[in-house]
Asker: 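I am attaching a structure below and will ask some questions about it afterwards.
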Amino acid sequence: MSVKLNCKFTEGFVASHEIEYMKPFAKVAHNMLMSANGQGNDFIGWVNLPENYDKEEFARIKAAAEKINKTADILIVIGIGGSYLGARAVIEFVKSPLYNNLKKDTPDIYFAGNNISTTALTELLSICEGKDIAVNVISKSGTTTEPAIAFRVFKSLLVEKYGVEGARERIFVTTDKARGTLKKFSDEAGYETFVVPDDVGGRYSVLTAVGLLPIAAAGIDIDALMSGAEKAMVTYRSDDLDTNDALKYAVMRNILYRKGKSSEILVGYEPYLLMFNEWWKQLYGESSGKDGKGIFPNSVIFSTDLHSLGQYIQAGQRNLFETVINVKDSGASFEIPNDPANVDGLNFISGKDLDYVNKTAMLATLIAHNDGGVPNLMLEVEDRGAYSLGYLIYFFEFACAMSGYLLGVNPFDQPGVEAYKKNMFALLGKPGYEDQKSELEKRICDK
């Protein structure tokens, strides 16, 4: 397996009989997903996606990525939430968080439409000056405020720079298969379109065209990514808690939650895990945070954050647990040089590989946090290749669904996300929101 769950550092917090007691509940949760009779079953297209994806569209994704590579210095990916987090997470994990600064034969990739910042937009426009640009806009409807504004801006920029015909060859749209404002507009404009599947929610969509086009444009092997996910899919079809690590992870989270561990910290020891952690936070936050329940998802990158949050994790409230991602082979090696003067007193590690020191820091932290009353789960990932990452993505998606069902919530809806949108539309004066606008303005004035 490319991903293995290690529960050694939870032994003092979760007894073996507690796991045994959860086996019947785990089987029920597993059956709810696999037989499609659980809540939200109209959004479980991701379950069999690694083997049942659209092969014709997959080939078009590769062709579009090749076209982008030949014609663009910069690819602007426009989307918010699941429409950009997955792609960015994969690019930074497999390539580098410094991807845009590396020597490469693929375009720089920047992400827009995930905020409403004037500063961020104007700085990105400045970066694009004098460069050839392509755009991939990702939106199911085309009316979500943040990406819609960004698409307005970059579409106008492309038309001004290349003309209507030239812009048409540089705009790629990932949207609904048959309906919605963006689909209608794209068909009329003649843009090439890719599909956001009806049965796959945004936070589960990284292995669809939503994530695959930007990932392929970065030169990442999307065949390997899908193969890793397919291997995980086959492995997790078993409801045996002793062999299904994704199911066991969900059970362990549930047991810890019932013991008052209401906050989970996803820990990486490499900067390239930063955006993966952000993807994970959306996946678990939107899936389980509802009905007054759910584990709050946090994340850190150690050893960096040990110098800011380490004190709290070590000795603050004991309502948290950690899940550590240990990438066994990071694909790089660096020998620590010797200093004849030994000014820093570190010659005892001269000649050692820097990754060895990093792994040692990880083990030391695991023991320290355990001693401080923090349970730790560990996910051992083989390497940072596309195959292993595809496996890890599916692991977390599957475990997330299991966690939701064990918690007694629908892991595939997100009703709370709509509240701020309605208030914002009303305050901005969108037609049809007049009554809400008056009420909101009164509440603001009252405060």
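These numbers were taken from a predicted model, which means no experiment stands behind them. Hydrogens, waters and symmetry mates play no part in the numbers below; they use all other heavy atoms, side chains included.
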Asker: Is a side-chain donor or acceptor of Lys352 paired with a backbone partner of Ile336 at a separation under 3.5 angstrom?
Answerer: no

Asker: Measuring from Asn100:CG to Ile74:CD1, what's the distance to the nearest 0.5 Å?
Answerer: 8.0 Å

Asker: Quick check for you: to the nearest 0.5 Å, what is the distance between Asp42 atom CG and Asp199 atom CG?
Answerer: 8.5 Å

Asker: Please check if the side chain of Arg203 supplies one atom and the backbone of Ser83 the other of a donor-acceptor pair under 3.5 Å.
Answerer: no

Asker: Would you kindly check if the NZ (Lys) or CZ (Arg) of Lys55 is within the cone defined by 45 degrees around the ring axis of Tyr53 and under 6.0 Å from the six-membered ring centre?
Answerer: yes

Asker: For the pair Arg253 and Glu264, find out whether any cationic side-chain nitrogen is under 4.0 Å from an anionic carboxylate oxygen.
Answerer: yes

Asker: Among Leu406, Leu247, Val14, find the residue that satisfies the side-chain contact (heavy atoms from CB on, under 4.5 Å) test when tested with Met22.
Answerer: Leu406

Asker: Can you name the closest pair of heavy atoms from Thr235 and Tyr391 and give their distance?
Answerer: OG1-OH, 3.5 Å

Asker: Just say parallel, tilted or perpendicular for the rings of Trp46 and Phe412, cut-offs at 30° and 60°.
Answerer: tilted

Asker: When you measure from the centre of the six-membered ring of Phe58, is the NZ or CZ of Arg60 under 6.0 Å away and within 45° of the axis?
Answerer: no

Asker: Search all heavy atoms of Thr208 against all heavy atoms of Leu49 and return the closest pair with its distance.
Answerer: CG2-CD2, 3.6 Å

Asker: Does this structure show an ion pair linking Lys62 with Asp223, if we count only N-O contacts that are shorter than 4.0 Å?
Answerer: yes

Asker: Ignoring hydrogens, what is the shortest heavy-atom contact between Ser139 and Leu182? Give both atom names and the distance.
Answerer: O-CD2, 3.6 Å

Asker: Take the angle between the ring planes of Phe398 and Tyr236 and call it parallel below 30°, perpendicular above 60°, tilted in between.
Answerer: tilted

Asker: Does Arg88 reach the main-chain N or O of Gly86 with its side chain, forming a donor-acceptor pair under 3.5 Å?
Answerer: no

Asker: Taking only Lys NZ, Arg NE, NH1 and NH2, and the carboxylate oxygens of Asp or Glu, determine whether Arg258 and Glu18 approach each other closer than 4.0 Å.
Answerer: no

Asker: Check whether the ring centres of Trp280 and Phe276 lie less than 6.0 Å apart, and answer yes or no.
Answerer: no

Asker: Just by modelled atom types, is the Ala368 backbone N or O under 3.5 Å from a matching donor or acceptor in the Gln314 side chain?
Answerer: yes

Asker: Atom OG in Ser288, atom CZ in Phe296: separation rounded to 0.5 Å?
Answerer: 11.0 Å

Asker: Evaluate Asn136 against Thr174 for side chain to side chain donor-acceptor pair (under 3.5 Å), listing each step before the verdict.
Answerer: CA-CA 7 Å; Asn136 175 206; Thr174 308; 3.3 Å; yes

Asker: For Cys400 and Tyr204, work out which heavy atoms get closest and say how close.
Answerer: SG-OH, 3.6 Å

Asker: Show your reasoning for whether side chain to side chain donor-acceptor pair (under 3.5 Å) applies to Thr106 and Tyr99.
Answerer: CA-CA 10 Å; Thr106 51; Tyr99 167 81; 2.8 Å; yes

Asker: Could you list the donor-acceptor pairs under 3.5 angstrom formed between side-chain atoms of residues 338-346 and any protein atom two or more places apart in sequence or on another chain?
Answerer:
residue : atom : partner : partner atom : Å
Asn338  : OD1  : Asn347  : ND2          : 3.4
Asn338  : OD1  : Ser350  : OG           : 3.0
Asp339  : OD1  : Ala341  : N            : 3.2
Asp339  : OD2  : Val343  : N            : 3.3
Asn342  : OD1  : Gly345  : N            : 3.3
Asn342  : OD1  : Leu346  : N            : 3.0
Asn342  : OD1  : Asn347  : N            : 3.0
Asp344  : OD1  : Leu346  : N            : 3.0

Asker: Could you go through residues 64-71 and list every donor-acceptor pair under 3.5 Å that involves a side-chain atom there, pairing it with any protein atom two or more places apart or in another chain?
Answerer:
residue : atom : partner : partner atom : Å
Glu66   : OE2  : Lys70   : NZ           : 3.3
Lys67   : NZ   : Glu169  : OE1          : 2.6
Asn69   : ND2  : Ala65   : O            : 3.4
Thr71   : OG1  : Lys67   : O            : 2.8

Asker: Looking at Lys177, I'd like to know if its NZ atom is crowded, meaning that more than 12 non-hydrogen atoms belonging to other residues, nucleotides or ligands lie closer than 6.0 Å.
Answerer: no

Asker: Rounded to the nearest 0.5 Å, what's the gap from OG1 on Thr323 to CZ on Phe9? Could you check?
Answerer: 13.5 Å

Asker: For a 4.5 angstrom cut-off between non-hydrogen side-chain atoms, does Val137 reach Phe172?
Answerer: no

Asker: List the residues meeting side chain to side chain donor-acceptor pair (under 3.5 Å) with Arg384, not counting sequence neighbours, and say none if there are none.
Answerer: none

Asker: Please determine, by modelled atom types, if Asn376 and Glu322 share a side-chain donor-acceptor pair under 3.5 angstrom.
Answerer: yes

Asker: Give a yes or no on whether the backbone of Pro375 and the side-chain of His369 come within a donor-acceptor separation of less than 3.5 Å.
Answerer: no

Asker: Is the shortest side-chain N to carboxylate O distance from Lys183 to Asp176 below 4.0 Å?
Answerer: no

Asker: Check whether more than 12 heavy atoms from other residues, nucleotides or ligands sit under 6.0 Å from atom CZ of Phe334, and answer yes or no.
Answerer: no

Asker: Would you confirm whether Ser126, through its side chain, and Thr122, through its main-chain N or O, come within 3.5 Å as a donor-acceptor pair?
Answerer: no

Asker: Does Lys104 use its side chain to pair, donor to acceptor, with the backbone of Leu102 at less than 3.5 Å?
Answerer: yes

Asker: Which atom pair, heavy atoms only, marks the closest approach of Ser299 to Glu278?
Answerer: OG-OE2, 4.0 Å

Asker: Between the main-chain N or O of Asp240 and the side-chain N or O of Asn244, is there a donor-acceptor pair closer than 3.5 Å?
Answerer: no

Asker: Hey, does the side chain of Asp132 reach the backbone of Ala72 with a donor-acceptor pair shorter than 3.5 angstrom?
Answerer: no

Asker: Side chains of Ser263 and Asn319: do they bring a donor and an acceptor to under 3.5 Å?
Answerer: no

Asker: Under 3.5 Å, is there a donor on one side chain and an acceptor on the other for Tyr272 and Ser330?
Answerer: yes

Asker: Side chains of Ser117 and Asn115: do they bring a donor and an acceptor to under 3.5 Å?
Answerer: no

Asker: Let's go through Asn6 and Glu380 carefully: what are the C-alpha distance in whole Å and the side-chain angles of both, what is the deciding distance for side chain to side chain donor-acceptor pair (under 3.5 Å) to 0.1 Å, and is it a yes or a no?
Answerer: CA-CA 7 Å; Asn6 183 339; Glu380 297 171 346; 3.2 Å; yes

Asker: Could you check whether atom CZ of Arg152 has more than 12 heavy atoms from other residues, nucleotides or ligands sitting under 6.0 Å from it?
Answerer: no

Asker: What are the two closest non-hydrogen atoms of Lys248 and Ile19, and how far apart are they?
Answerer: CE-CD1, 4.4 Å

Asker: Apply side-chain contact (heavy atoms from CB on, under 4.5 Å) to the pair Leu75 and Val135, showing each step before the final yes or no.
Answerer: CA-CA 6 Å; Leu75 171 64; Val135 168; 5.7 Å; no

Asker: Regarding Asp353 and Lys359, does a basic nitrogen lie under 4.0 Å from an acidic carboxylate oxygen?
Answerer: no

Asker: Decide if atom CD of Gln311 counts as having more than 12 heavy atoms of other residues, nucleotides or ligands within a radius under 6.0 Å.
Answerer: no

Asker: By the definition side-chain contact (heavy atoms from CB on, under 4.5 Å), identify the one residue from Leu377, Leu379, Val267 that meets it with Val324.
Answerer: Val267

Asker: On the six-membered ring of Tyr387, is Lys231 placed so that its NZ or CZ lies under 6.0 angstrom from the centre and within 45° of the ring axis?
Answerer: no

Asker: Does the separation of the ring centres of Tyr249 and Phe395 fall below 6.0 angstrom?
Answerer: yes

Asker: Whether the side chain of Lys140 engages the backbone of Val196 through a donor-acceptor N/O pair (distance < 3.5 Å, no angle test) should be reported.
Answerer: yes

Asker: To the closest 0.5 Å, what do you measure between NZ (Lys281) and CD1 (Ile265)?
Answerer: 10.5 Å

Asker: I need the single residue from Asn277, Leu273, Leu266, Asp305 that forms a side-chain contact (heavy atoms from CB on, under 4.5 Å) with Val300. Which is it?
Answerer: Asp305

